[in-house]
Chemist: 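Sharing a structure with you now.
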Amino acid sequence: MSVAVRYQSRGGNTRAAAETLAEALGVKAEPITVPVKEPADVLVLCGGTYAFKPDKEMSAFIGSLDAGKAGKAYVLATASGTKHGVNGMTAALQAKGITVADSFLLRLGAQGNTLLGKKGGMLTEAQKASVREFAAKIRA
Ligand SMILES: Cc1cc2nc3c(=O)[nH]c(=O)nc-3n(C[C@H](O)[C@H](O)[C@H](O)COP(=O)(O)O)c2cc1C
């Protein structure tokens with residue numbers, strides 16, 4: 001099974017989650033600036049949630065995807081708590097005719113967003129374990 005992992009991350013949380021996920025899947029996580037050139041059996045998209053939506057760059061990336069490049073997709077979103085990122089990415093993929101097999105929301109509260117700026121990317125072992133559980137579902 002070929003797997004491609006792409007992520008969008010402003011503050012580092014989603015990048016950290018994508019890297020944990022990709023490592024568990026034995027592949028490299030790449031930012032969405034890296035196009036999906038070869039068709040993948042599984043495309044995993046990881047994105048943050050901003051003002052009740054996925055990031056505009058993520059939406060544009062999904063909009064530009066060739067449906068033939070992904071047999072099916074999985075979605076991982078990080079968020080303080082809302083499902084808007086997961087739901088937005090899932091709907092955009094489905095609108096492209098790409099089946100979303102499963103999704104995972106990593107709820108982080110205010111983690112990584114401080115008054116002194118963004119310091120994301122420091123996931124706890126429990127958070128990494130939950131991401132690895134999602135990776136195990138993808139592999140199954
Ligand atoms: C400008 C901004 C808007 C946000 N809006 C939401 C939101 O609507 N819902 C939510 O649950 N989290 C929201 N968050 C929290 C982020 O989704 C969360 O910190 C996420 O892990 C950020 O990912 P990143 O560090 O990869 O950019 C927001 C964060 C920022 C900075």
Side-chain angles (χ1 to χ4, degrees):
M1 178 176 83
S2 59
V3 181
V5 177
R6 293 291 183 278
Y7 68 86
Q8 166 281 322
S9 180
R10 293 187 197 174
N13 285 341
T14 316
R15 187 186 67 235
E19 285 171 352
T20 299
L21 184 88
E23 191 185 353
L25 292 169
V27 298
K28 190 172 178 231
E30 301 276 12
I32 53 173
T33 47
V34 177
V36 180
K37 287 192 185 137
E38 300 299 323
D41 297 325
V42 169
L43 173 64
V44 189
L45 290 190
C46 307
T49 306
Y50 312 94
F52 312 113
K53 284 185 294 215
D55 187 88
K56 262 191 233 156
E57 300 287 328
M58 174 57 87
S59 300
F61 176 80
I62 296 172
S64 70
L65 265 181
D66 173 353
K69 291 282 168 61
K72 60 181 171 177
Y74 289 81
V75 167
L76 179 154
T78 71
S80 293
T82 76
K83 291 184 174 173
H84 299 91
V86 160
N87 291 348
M89 285 191 279
T90 299
L93 283 160
Q94 288 170 339
K96 294 290 291 192
I98 299 172
T99 301
V100 178
D102 202 358
S103 61
F104 177 61
L105 171 59
L106 182 60
R107 286 195 167 97
L108 296 173
Q111 198 172 316
N113 291 296
T114 71
L115 289 176
L116 298 175
K118 296 189 189 77
K119 290 187 180 169
M122 302 296 286
L123 300 184
T124 65
E125 280 310 313
Q127 288 163 350
K128 287 183 192 172
S130 70
V131 170
R132 289 189 194 109
E133 270 177 39
F134 185 52
K137 283 191 191 173
I138 295 172
R139 264 201 319 266

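Side chains are part of it too, since the values below use all heavy atoms of this structure and drop only hydrogens, waters and symmetry mates. Here the structure is a predicted model, which is why all the values come from computation and not from measurement. As the structure lists them, so they are numbered: ligands from 1, and atoms in each ligand from 1.
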Chemist: Under 3.5 Å between any N/O of K53 and any N/O of ligand 1: does that happen in this structure?
Modeler: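 It does not: no N or O of K53 is found under 3.5 Å from an N or O of ligand 1.
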Chemist: So, regarding R15 and ligand 1 (criterion: nitrogen or oxygen to nitrogen or oxygen, under 3.5 Å), is there a contact or not?
Modeler: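 No; the residue has no nitrogen or oxygen that sits under 3.5 Å from a nitrogen or oxygen of the ligand.
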Chemist: Check ligand 1 against N13 and write out every atom of the ligand that is under 4.0 Å from a heavy-atom position of the residue.
Modeler: 19 (O), 20 (C), 21 (O), 23 (O), 24 (P), 25 (O), 26 (O)
Chemist: What's the shortest heavy-atom distance between V5 and C46, and which atoms?
Modeler: CG1-SG, 4.2 Å
Chemist: Quick one: salt bridge (charged side-chain N to carboxylate O under 4.0 Å, His left out) pairs with a partner in residues 26-46, sequence neighbours left out?
Modeler: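 Output for this query lists K28-E30.
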Chemist: Could you tell me if the side chain of M89 sits less than 4.5 Å from the side chain of I62, heavy atoms only?
Modeler: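 Yes, side chains in contact.
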Chemist: Is the cationic atom of R6 (NZ for Lys, CZ for Arg) positioned less than 6.0 Å from the six-membered ring centroid of F61 and within 45 degrees of its normal?
Modeler: no
Chemist: For residues 128-140, which side-chain donor-acceptor pairs fall under 3.5 Å, sequence neighbours excluded?
Modeler:
{"unit_1": "S130", "atom_1": "OG", "unit_2": "Q127", "atom_2": "O", "d": "2.7"}
{"unit_1": "R139", "atom_1": "NH1", "unit_2": "A24", "atom_2": "O", "d": "2.6"}

Chemist: Return the option from T78, V86, T14, L106 holding the heavy atom at the smallest distance from atom 21 (O) of ligand 1.
Modeler: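 The nearest heavy atom belongs to T78.
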Chemist: Report, in ascending order of atom number, the atoms of ligand 1 lying under 4.0 Å from any heavy atom of G12.
Modeler: 24 (P), 25 (O), 26 (O)
Chemist: Just let me know how A51 lines up against ligand 1, side chain, backbone, both or neither, with a heavy-atom cut-off below 4.0 Å.
Modeler: backbone
Chemist: Quick test of your reading of the structure: of T49, L123, L108, whose heavy atom lies closest to atom 6 (C) of ligand 1?
Modeler: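 Answer by nearest heavy atom: T49.
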Chemist: Taking C-beta and beyond as the side chain, do L65 and L43 meet within less than 4.5 Å on heavy atoms?
Modeler: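 Yes, their side chains come closer than 4.5 Å.
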Chemist: With side chains defined as the heavy atoms from C-beta onward, is the minimum distance between Q8 and Y50 less than 4.5 Å?
Modeler: yes
Chemist: Does an N or O anywhere in G109 fall below 3.5 Å from an N or O of ligand 1?
Modeler: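 So ligand 1 has no N or O lying under 3.5 Å from an N or O of G109.
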Chemist: If we only consider heavy atoms of G81, is any one of them less than 4.0 Å away from an atom in ligand 1?
Modeler: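 Yes, G81 has heavy atoms under 4.0 Å from ligand 1.
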Chemist: Could you list the atoms of ligand 1 found under 4.0 angstrom from a heavy atom of F52?
Modeler: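 Counting from 1, the qualifying ligand atoms are 7 (C), 8 (O).
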